[in-house]
Amino acid sequence: MNTLFLKPASPDDKKTIDKAADIIKSGGVVAIPTETVYGLAANALCPEAVKKIFIAKGRPQDNPLIVHISRFDEIYPLVKDVPEKAIKLAEKFWPGPLTVILPKADVIPDVVTCGQKTVAVRMPSHKIASAIIRASGVPLAAPSANISGRPSPTTAEHVLHDLDGKIDAIVDGGECDVGVESTVITLCTPVPRLLRPGGITLEQLRETIGDVEADRAIYDPLPEGVKPSSPGMKYKHYSPEAKVVILKGALEGFIDYVNKNGDDTSAVLCFEGEEKYFSGTVLTYGKKDDPSSQAHEIFNKLRLADEKKIKKVFARCPSESGVGMAVYNRLLRAAAFTVEEV
Ligand code: TXA
Ligand code: MG
């Protein structure tokens with residue numbers, strides 16, 4: 001398949017937006033930019049189109065997709081009920097990097113939710129994503145536009161690297177702002193539960209709707225045989241080819257450890273300004289006390305490690321509060337939960 005590369009001059013570039021929307025309307029799959037990461041979009045109401053997403057990504061058949069809308073009203077036909085808490089969250093955080101899980105309406109095909117009775121809904125703030133949803137006239141099912149298991153794509157080049165020849169088109173909207181996937185919260189548990197941390201923090205969710213619990217799978221590998229609340233959490237994720245080791249502790253300990261254990265096939269993944277302490281391959285991901293800057297860079301740098309054919313990455317441990325929770329969660333999975341105290 002020839003993958004069409006589309007670059008809208010702006011979100012108002014109607015001709016290019018319509019081209020992407022036409023492909024979606026005729027049952028194709030198109031990678032689109034969002035404020036979090038690039039998504040691989042298809043008509044959520046068309047099972048045949050949605051199946052193509054799973055095939056292109058090599059996505060496991062039991063990992064459900066997020067459905068994207070462009071206006072709040074569009075949620076009503078997709079779910080059984082829109083509770084007060086969903087409205088509060090939407091008022092505060094939509095459009096933006098938050099996904100809300102609610103009981104699904106019959107119109108959502110089983111292939112989208114992998115047979116679950118719930119559906120994940122998100123309203124992205126990226127102007128091009130929004131324009132494409134509107135022009136398509138249907139909700140769009142879209143997982144991250146990477147090959148399953150690889151770090152999520154934050155540029156059109158990342159998407160091209162993974163999916164060129166496997167999808168109908170890519171819409172280039174430049175670099176994604178947030179850099180990690182949306183925060184996922186379910187309102188289908190007795191107490192609302194955070195399933196995946198992201199750009200909207202646990203603290204912000206609690207300020208808006210009161211009690212929210214954090215799912216245990218955010219920080220811990222699931223024990224054998226335990227069913228995850230969110231199927232995506234059981235898979236090894238976000239992984240570069242390189243083995244990643246997170247080193248927890250002060251900079252001095254980190255430097256010592258790397259000097260003892262590093263070689264010319266390894267790389268250091270540290271914060272800006274710390275490069276001077278290391279020789280060999282040094283990658284930085286944001287500023288030490290600025291988790292948003294780390295989120296923006298993390299996937300990009302994990303991919304860069306692969307481009308440089310690095311075998312082992314020694315990563316500085318991010319702080320776990322605020323957006324740092326999302327950064328740490330992604331890094332933990334990239335590292336298959338390998339953390340060493342230094
Ligand atoms: O920022 C994002 O959310 C991006 C952009 C493209 O919108 N999308 C994204 O999709 O990250 P994906 O498919 O890579 O991640 C969706 C996550 C998975 O972990 C999946 O298991 C979970 O959401 N999920 C989707 N529907 C669910 C449901 N009904 N119940 C529980 N978890 C669900
Ligand atoms: Mg994904």
Side-chain angles (χ1 to χ4, degrees), residues 29-42 44 50 53-54 56-70 78-80 93-105 108 110-126 128-130 132-133 139-154 158-159 162-163 171 173 176-189 193-200 215 217-218 222 227-239 295 299 326 329-330 333-334:
V29 287
V30 179
I32 63 169
T34 85
E35 72 279 19
T36 56
V37 301
Y38 274 73
L40 185 57
V50 173
I53 295 177
F54 283 85
K57 278 184 61 101
R59 184 173 177 103
Q61 299 284 329
D62 62 349
N63 194 6
L65 307 180
I66 297 172
V67 176
H68 297 69
I69 58 177
S70 64
L78 307 180
V79 299
K80 283 245 153 70
F93 303 116
W94 278 2
L98 178 70
T99 296
V100 179
I101 296 179
L102 291 167
K104 88 174 191 77
I108 303 282
D110 279 341
V111 57
V112 171
T113 64
C114 301
Q116 302 213 52
K117 296 274 173 275
T118 58
V119 63
V121 184
R122 164 162 127 78
M123 183 165 122
S125 64
H126 197 292
I128 291 176
S130 193
I132 293 172
I133 301 169
L140 302 186
S144 48
N146 51 310
I147 293 286
S148 266
R150 301 258 307 136
S152 290
T154 57
H158 294 162
V159 179
D162 280 18
L163 298 174
V171 179
C176 299
D177 238 25
V178 179
V180 294
E181 306 86 343
S182 62
T183 301
V184 179
I185 184 172
T186 179
L187 297 180
C188 301
T189 41
R193 184 181 299 168
L194 174 67
L195 300 182
R196 181 175 72 184
I200 304 297
D215 199 274
I218 290 172
L222 279 170
K227 189 173 175 288
S229 325
S230 179
M233 293 198 288
K234 76 179 173 212
Y235 296 106
K236 189 175 178 218
H237 245 117
Y238 317 121
S239 303
F299 286 141
N329 168 271
R330 305 308 190 278
R333 280 167 172 71

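Only this structure's heavy atoms are used, side chains among them; waters, hydrogens and symmetry mates stay out. One-based numbering, in listed order, for ligands and for the atoms of each.
- In this structure a side-chain-to-backbone donor-acceptor pair under 3.5 Å is missing from R193 to C188.
- The residue among C114, A129, P143 with a heavy atom at the shortest distance from atom 10 (O) of ligand 1 is P143.
- T34 contributes atom OG1, which lies 7.0 Å from atom NE2 of H126 (distance to the nearest 0.5 angstrom).
- For the side-chain contact (heavy atoms from CB on, under 4.5 Å) criterion with R59, the lone passing option out of N146, I147, L65 is L65.
- Heavy atoms of K104 come nearer than 4.0 angstrom to ligand 1 in no pair at all.
- Ligand 1 places these atoms under 4.0 Å from at least one heavy atom of S144: 8 (N), 9 (C), 10 (O), 12 (P), 14 (O).
- Once rounded to the nearest 0.5 Å, the distance linking CD of Q116 with CG of D62 reads 9.0 Å.
- The proximity of R59 to ligand 1, defined as any non-hydrogen pair under 4.0 Å, is limited to the side chain.
- Taking every heavy atom of I101 and a limit of under 4.0 angstrom, the matching atoms of ligand 1 come to 27 (C), 28 (C), 30 (N), 31 (C), 32 (N), 33 (C).
- The nearest N, O or S atom of S144 is closer to the Mg ion (ligand 2) than 2.8 Å.
- Of the listed options A120, A31, C176, G39, G39 places a heavy atom closest to atom 6 (C) of ligand 1.
- Comparing heavy-atom distances from atom 21 (O) of ligand 1 across V121, N146, N63 singles out N63 as nearest.
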Evaluate the side-chain hydrogen bond (donor to acceptor under 3.5 Å, both in side chains) criterion for residues T99 and R196: first the C-alpha distance (whole Å), next the side-chain angles of each, then the deciding distance (0.1 Å), finally the verdict.
CA-CA 9 Å; T99 296; R196 181 175 72 184; 5.1 Å; no
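- The backbone N or O of C176 lies less than 3.5 Å from no partner atom in the side chain of Y38, so there is not a single donor-acceptor pair.
- Geometrically, ligand 1 and T34 share no nitrogen or oxygen pair separated by less than 3.5 Å.
- Note: T36 OG1 to I66 CD1 = 8.0 Å, rounded to the nearest 0.5 Å.
- Between E181 and ligand 1, a contact under 3.5 Å exists for no N or O pair.
- When each atom of ligand 1 is checked for a heavy atom of I66 under 4.0 Å away, the hits are 3 (O), 8 (N), 9 (C), 10 (O), 16 (C).
- When heavy-atom distances to ligand 1 are checked against a 4.0 Å cut-off, T118 comes that close through both its backbone and its side chain.
- Smallest separation of non-hydrogen atoms from A41 and A142: CA-CB, 3.9 Å.
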Go through the steps for E181 and S152 under the test side-chain hydrogen bond (donor to acceptor under 3.5 Å, both in side chains), then give the verdict.
CA-CA 8 Å; E181 306 86 343; S152 290; 2.5 Å; yes
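- Of the listed residues (P103, A142, S152), the one carrying the non-hydrogen atom nearest atom 8 (N) of ligand 1 is A142.
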